[in-house]
Every structure is written in structure tokens, then in C-alpha cells.
Amino acid sequence: MRTKLKNMEKIDLRSDTVTRPTPEMLQAMVAAETGDDVFKEDPTVNAFEERVAAMFGQEAGLFVPSGVMSNQLCVFELTSPGDEIILEEKAHIFNYEASSAAMISGVQLRPLKGVHGLLSPEDVEAAVRTTNDWDPHTRVIALENTTNKGGGAFYSLDTIKEMREIADRHKLFLHLDGARIWNALAEAGYDAETIGRNFDTISVCFSKGLGAPVGSMMLSTRERITRARRTRKMLGGGMRQIGLLAAAAEYALDHHFKKLKIDNLRSKQLAKVISENPHFTVEPDSVFTNILLFDTPGPASEVLEILDENGIMMTAFGPQTIRAVFHFQISDEQFDRVCSFFEFYGKS
Ligand SMILES: Cc1ncc(COP(=O)(O)O)c(C=O)c1O
């Protein structure tokens, strides 16, 4: 009789947020110098905020608990109630942030249909409103890089620059939801500063592929970050000795960033294996970084159940779509097992 595996023993490809702190990361946390961050007295946080801001060519940073809080602080900072934000219809801000842009900032979201979650400059420019009395005020263009629901796609430097030009032409702000910007940096051939300078506000996460247990950062001008500190407090996000958390995030940046290329490569390798099994549909050319989306012959739930029985966890991303996300805590042996599953699925 087969014994049922606990989740911890399974190959967990549901998300890159499922990683656990490594012993080395825990050591870095224990060794961190700390102070009360509400008093701006945590030296580890202060230094880390400066370091990440400089990396992205921004003046200042604010360490926050989550990517949602970071995005929403940016939205709050850039808009007034009634303003409109242009984004892609698969955007995290539109789909997965519990309507907080409407609740916290009183803004309207204008989702546009793009490709793999990426907006085209032409569509964005066409969506900018006029100044007629009855039009909402377009205020922000929000890009997601890499895209989550869009399957890990990333913007080219040229497109980012074009978006900046559109924003300048129409006096708009440009925001980057860079929860997985690290996977784009590992793949796209541009560096953080080159792309970072194009944006008015940036949100980056340390708790996705980088593998920190918690932590995101808002990046922008010193003035905006000063105001956002107050908004963070208002939302209950003022934290005390969080040098512990910043140390984990910094450890992740220093030691796990270089592993992202492997995650990006594995999702492409698995896509190839899946594409060779006629039961599934996947376009290997539509796999960009560590997120892989593929279609199932029947309900995704049936395939997920069989995967689970074989010790592999993925998530449904539609009635007949499954998402797998690679991260550094998948071993070579586990990766081979996942590939074998898809090689032999439906062939016995
Ligand atoms: C693109 C994107 N933005 C923002 C977030 C929000 O991050 P958090 O879960 O830390 O709030 C996520 C989470 O997966 C994401 O994928």
C-alpha cells in the first residue's frame, strides 16, 4: 500500500513563494544588528533600503511586509481619488489585490488586453483619456515585469523606454510591479539601474524566487518614500526590529539571485518535455522565465490529482490550465522526476 506523502515531502511547484529559509539564511538573520525601525533606528534595514534603491537608480527605499502593500503604497502615492490607472488585464494589481486600489486610493483601474500580460505601447497610448470634463483622469501606467498570470513574460528595454516616453508625453506616472523583476534581470540582458531609472515608483519582492520568508520594497524619490512611511504606518505596516527580515532578504539577494537562471531554464526544459506528450498543449516559445503554463486534455483538477498522487504539486490556473513555478529548492533529482511524469503520462 502506498503511504500518503505529507505536503512537505512533495515536489512543490505551486509557487516560488513556498521556499523555506535555509540554515545559512537563518544564521544571517540571527547575526543581524537590529533597532526600532519605526524610529528609523534599524541599521540593517536602513542600509538595505539604501542599497536596493541605488541598485535600481532610485533615491530611497521602504521595506514593507508584502508585494501588495508595496504596490498599494505606490498607487496611493501617485494618484488622487477618481484617477485611472492603465494596466494589463492579467495584472496582479487588477486581479489579486482584493480591490485595494479602489478601497485605499479610490482609483479606477483600466485593464487592457495584452499578450502574456504585457501591454503594447500603442494600446497604452490609445487608452490615455482626454481632458474632457466627463473623462476620468489617466494618471499612471502600471507595468508588471515579469508577469505572473501572464506566464512569466518580461518587457524589453526598448518597450520600457517607449512606455516612459508615453508617460512623459501625457504627463503620467510609470509604475513597475517588479515582484519577480529578478527573474527578468537574470534573463533579459538588462541591469536593474538601466530599467529602474525609467520608473517613478517600483515594487520589488524578496519572498518570491529569491526565497526570503517575507519582505518587499517600495522604491522611489526620497520625498515619496518619506510620505509612504506614514502611509505604511497608517496601514499598520510600521515594524520594529525588522533587521532580522532585511537580513534574510539581503542574504537571498546575495546568494539566491544567481540561481534564478536555473529556474528559468528548467521551466523551458519541462515545457519541451510536455510539448512532446500529445495529451498536453504548451508552446515552448511562450515560456520566458520560471513560470510555466500549460493546458490539460480534460479538467485541470483531474491532472492535478494524479500529479499529487505522484508527489508533485502544481496549481490550476484556469479550468484546463495548470501553472508550475520553479524555485531554488527543487533538486536535480526532483526535476528529473517531474520530467519523467510528463514523459510517461497517458502512455501506459
Ligand atoms: C506580480 C505580483 N505582484 C505582487 C504580488 C504580491 O506579493 P505578496 O504576496 O507579497 O503580497 C505578487 C504575488 O505573487 C505578484 O505575483
Side-chain angles (χ1 to χ4, degrees), residues 12-21 52 56 61-76 85 87-101 103-105 109 111 114 116-119 140-155 160 174-188 195 199 201-219 228 231-232 235-237 239 242 245-246 248-249 252-253 260 263-264 267 288-293 314-317 323-327:
D12 196 345
L13 296 172
R14 287 172 302 165
S15 175
D16 48 9
T17 58
V18 298
T19 58
R20 292 185 192 83
V52 179
F56 283 86
L62 184 67
F63 193 81
V64 296
S66 71
V68 170
M69 185 182 277
S70 181
N71 271 335
Q72 293 305 324
L73 288 176
C74 296
V75 168
F76 188 79
I85 298 179
L87 36 58
E88 211 278 341
E89 66 178 10
K90 292 193 171 77
H92 198 277
I93 292 177
F94 181 52
N95 292 285
Y96 300 129
E97 303 199 359
S99 309
S100 50
M103 294 289 286
I104 297 169
S105 302
L109 302 178
H116 301 304
L118 302 175
L119 291 163
V140 179
I141 304 166
L143 307 185
E144 190 172 304
N145 198 20
T146 66
T147 62
N148 177 348
K149 203 170 157 64
F154 53 85
Y155 284 93
I160 291 171
L174 190 61
H175 168 67
L176 170 63
D177 176 354
R180 291 186 181 76
I181 190 63
W182 317 106
N183 293 82
L185 295 178
E187 202 63 34
I195 57 153
F199 293 92
T201 53
I202 301 177
S203 166
V204 298
C205 293
F206 308 104
S207 57
K208 311 293 179 296
L210 287 184
V214 66
S216 294
M217 200 179 285
M218 172 185 171
L219 307 168
T231 315
R232 180 183 68 171
L235 296 174
M239 298 171 286
I242 50 167
L245 303 180
L253 187 56
L260 295 178
D263 302 336
N264 293 348
S267 63
F288 311 95
T289 52
N290 66 328
I291 299 176
L292 166 60
L293 301 177
M314 295 183 180
T315 45
F317 235 55
R323 185 186 80 164
V325 189
F326 285 92
H327 54 79

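Just follow the structure's listing: the first ligand is 1, and inside any ligand the first atom is 1. The model shown is predicted, which means the values in this text are computed figures rather than measured ones.
- Under 3.5 Å, the side chains of Asn71 and His175 contain a donor-acceptor pair of N or O atoms.
- Between Phe317 and Tyr96, the ring planes lie tilted relative to each other; the angle falls in the 30° to 60° range.
- Residue, atom and distance of the protein heavy atom nearest to atom 10 (O) of ligand 1 are Gly67 N, 2.8 Å.
- Ligand-side atoms of ligand 1 in range of Asn71: 3 (N), 4 (C), range being under 4.0 angstrom from any heavy atom.
- Counting heavy atoms from C-beta on, the side chains of Glu187 and Leu260 never come closer than 4.5 Å.
- At least one N/O-N/O distance between Arg180 and ligand 1 falls below 3.5 Å.
- Remark: ligand 1 and Glu144 share no N or O pair separated by less than 3.5 Å (distance only, no angle test).
- The protein heavy-atom contact nearest to atom 3 (N) of ligand 1 is Asp177 OD2, 2.7 Å.
- Across Thr289, Asn148, Asn145, a single residue satisfies side-chain contact (heavy atoms from CB on, under 4.5 Å) together with Arg180, and that is Asn148.
- Near Glu97, the atoms of ligand 1 lying under 4.0 angstrom from a non-hydrogen atom of the residue are 4 (C).
- If you run side-chain contact (heavy atoms from CB on, under 4.5 Å) between Tyr155 and each of Thr146, Ile195, Leu119, only Leu119 comes through.
- At distances below 3.5 Å, at least one donor-acceptor pair connects side-chain atoms of Asn264 with backbone N or O atoms of Asn183.
- Heavy-atom proximity to atom 4 (C) of ligand 1, evaluated over Lys149, Lys208, Met69, His92, is greatest for His92.
- Residue Ser216 places no N or O, backbone or side chain, under 3.5 Å from any N or O of ligand 1.
- Looking at Asn290, its side chain never comes within 3.5 Å of a backbone N or O of Asp263 through a donor-acceptor pair.
- Not a single N or O atom of Thr146, backbone or side chain, sits closer than 3.5 Å to an N or O atom of ligand 1.
- Within ligand 1, the atoms closer than 4.0 Å to a non-hydrogen atom of Ser66 are 10 (O), 11 (O), numbered from 1 in the order shown.
- Below 3.5 Å of separation, one finds an N or O of Val68 facing an N or O of ligand 1.
- Between Leu87 and Leu109 there is a side-chain heavy-atom pair separated by less than 4.5 Å.
- Counting heavy atoms under 4.0 Å from ligand 1, residue Ala179 touches it through the side chain alone.
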